[in-house]
Amino acid sequence: MLEVITVFIILILCLYHYWKSRPCASNFPGPAGIPLFGVFFNVDLNRLHLKLYEWTLIYGNIFQFSVFGKSYISLNSADVIRDVLGLEPNATITASREPSFFGEYCLENYSDIVFSPYDEEWARRRKIGHQLLHTYGVGMHFLEDEILQKLADMKQFIRENEGKDLDPHDMVEEFLFKNLSSLVAGTTDPQLQRLMKEVDENANEIASPMVDLIFRMFPFLRFLPLSVARKPSLVKFCMDEMLKIIKELTNEGNIERGIYYELKNAKERHGLHFTDNHIKAILVNIIGAGISQKIITNLWTNNHSDEWHDPFVFRPERFMDDSGLLLPATHPTRKRLLVFGFGKRACLGEVFAKNRTFLFLATMMQTCIIRKPLREELSDLDPRMMMPGVVLQPPPYKVQFKLRERVL
């Protein structure tokens with residue numbers, strides 16, 4: 001009897017949500033779905049990007065679909081994305097954010113930058129956050145010694161494990177979270193790095209558009225004895241612990257650098273006060289990446305369209321001219337690649353990420369030769385097989401590292 005009542009209540013809630021937020025008539029093509037549920041049963045929630053790619057081939061560069069009465073418009077090419085997100089008045093209109101479970105519950109009622117709605121306060125937070133990350137991405141010479149030490153640790157790890165089949169994910173992850181720890185706290189700390197990893201992994205799962213929609217419709221799900229239902233509370237707990245450790249590190253070490261220090265002193269430096277909730281939420285934005293928006297910028301389809309010719313094959317020469325030099329940023333091929341999004345909601349950490357990625361990869365290539373694993377087959381790195389989440393990741397694989405002679 002209890003099960004019947006539960007199903008009945010859920011059905012009533014679905015109907016209410018459907019009639020409250022049913023989409024208006026639109027001229028956009030797209031899959032029809034079924035009443036109430038829309039295309040919910042037509043997609044794998046963890047691999048929505050693949051279904052969007054498939055629908056693009058059928059419906060073109062702009063189409064619409066609905067889930068539980070919520071309407072989505074998918075933008076699927078660089079030209080369309082640039083027009084809608086980059087040209088006014090569309091740029092300001094599309095810069096807003098629809099309500100989200102992750103932003104409201106996990107990020108303390110939209111105290112962040114990525115998930116909060118567009119208003120003057122958001123614009124000020126965004127500007128300061130962008131300035132800080134740009135500064136830390138390009139310069140900040142006081143962090144160079146720590147970065148060099150991290151690179152030295154990486155070389156030592158390779159030296160100790162030469163000739164072994166290794167999963168490079170562990171090494172890359174350690175380097176990444178050490179850098180993030182230095183970025184936000186001005187120093188490294190193993191416990192802080194562990195909490196950052198917890199936040200990143202769990203937020204990556206529950207902040208994806210379809211999972212977020214389900215939690216937003218049925219927030220009581222987080223109280224059920226399900227593994228995914230515990231993740232929102234886990235994210236909030238890890239955020240609190242993360243901020244606690246950062247405060248301790250900053251106070252005990254008299255640290256006067258890092259994103260936390262800058263945000264804590266933003267009133268004196270930038271004329272804007274950040275509460276602890278603001279700081280926690282913005283740090284989560286920095287640690288992870290999020291796109292959840294009134295519109296879906298379908299970057300995966302754009303970056304794997306037929307315009308690339310063999311889009312699922314790694315061909316770096318696509319971005320080189322006849323002399324082997326990198327194409328300029330204004331070249332149509334470069335402009336078509338949108339890795340960090342576009343417009344007012346483009347990724348905050350683009351400069352920092354590019355800088356650290358270049359530094360890591362350049363050091364790797366100078367230090368060692370990377371070979372196929374000896375004792376097992378190399379995994380299929382087809383991007384269509386990547387692990388799901390807000391940010392896709394390759395499945396586990398192993399390689400071998402051999403130090404170059406001049407660095408022995």
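As a basis for the values below, the full set of heavy atoms in this structure was taken, side chains included, without hydrogen atoms, waters or symmetry mates. Heads up: numbering here begins at 1 and tracks the sequence.
- Residues in residues 42-51 take part in these salt bridge (Lys or Arg N to Asp or Glu O under 4.0 Å) pairs, two or more places apart or across chains: K51-E54.
- No salt bridge links D240 with K236; every basic N to acidic carboxylate O contact stays at or beyond 4.0 Å.
- Summarising the local packing, CD of Q156 is surrounded by more than 12 heavy atoms from other residues, nucleotides or ligands at distances under 6.0 Å.
- A donor-acceptor contact under 3.5 angstrom links the side chains of S74 and N76, judged on distance only.
- Panel note: side chain S181, backbone T187; a donor-acceptor pair is recorded below 3.5 Å.
- The environment of CZ in F312 is crowded: more than 12 heavy-atom neighbours from other residues, nucleotides or ligands sit within 6.0 Å.
- In terms of the salt bridge (charged side-chain N to carboxylate O under 4.0 Å, His left out) criterion, residue partners of R336 (sequence neighbours excluded) are, by chain and number, E307.
- Listed by chain and number, the residues in a side chain to side chain donor-acceptor pair (under 3.5 Å) with E198 are N202 (sequence neighbours excluded).
- F102 is linked by a ring-ring contact (aromatic ring centres under 6.0 Å, His included) to F115, counting only residues two or more places apart in sequence or in another chain.
- A donor-acceptor pair under 3.5 Å links the side-chain atoms of N303 to the main chain of L338, judged by distance alone.
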Output a table of donor-acceptor pairs, distance under 3.5 Å, between side-chain atoms of residues 272-279 and any protein atom two or more places apart or on a different chain; print 'none' if there are none.
from	atom 1	to	atom 2	distance (Å)
T275	OG1	N277	N	3.4
T275	OG1	H278	N	3.2
T275	OG1	H278	ND1	3.1
D276	OD1	K264	NZ	3.1
D276	OD2	K247	NZ	2.6
H278	ND1	T275	N	3.2

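- Legend: residues meeting ring-ring contact (aromatic ring centres under 6.0 Å, His included) with F215, ordered by chain and number and at least two apart, are F101.
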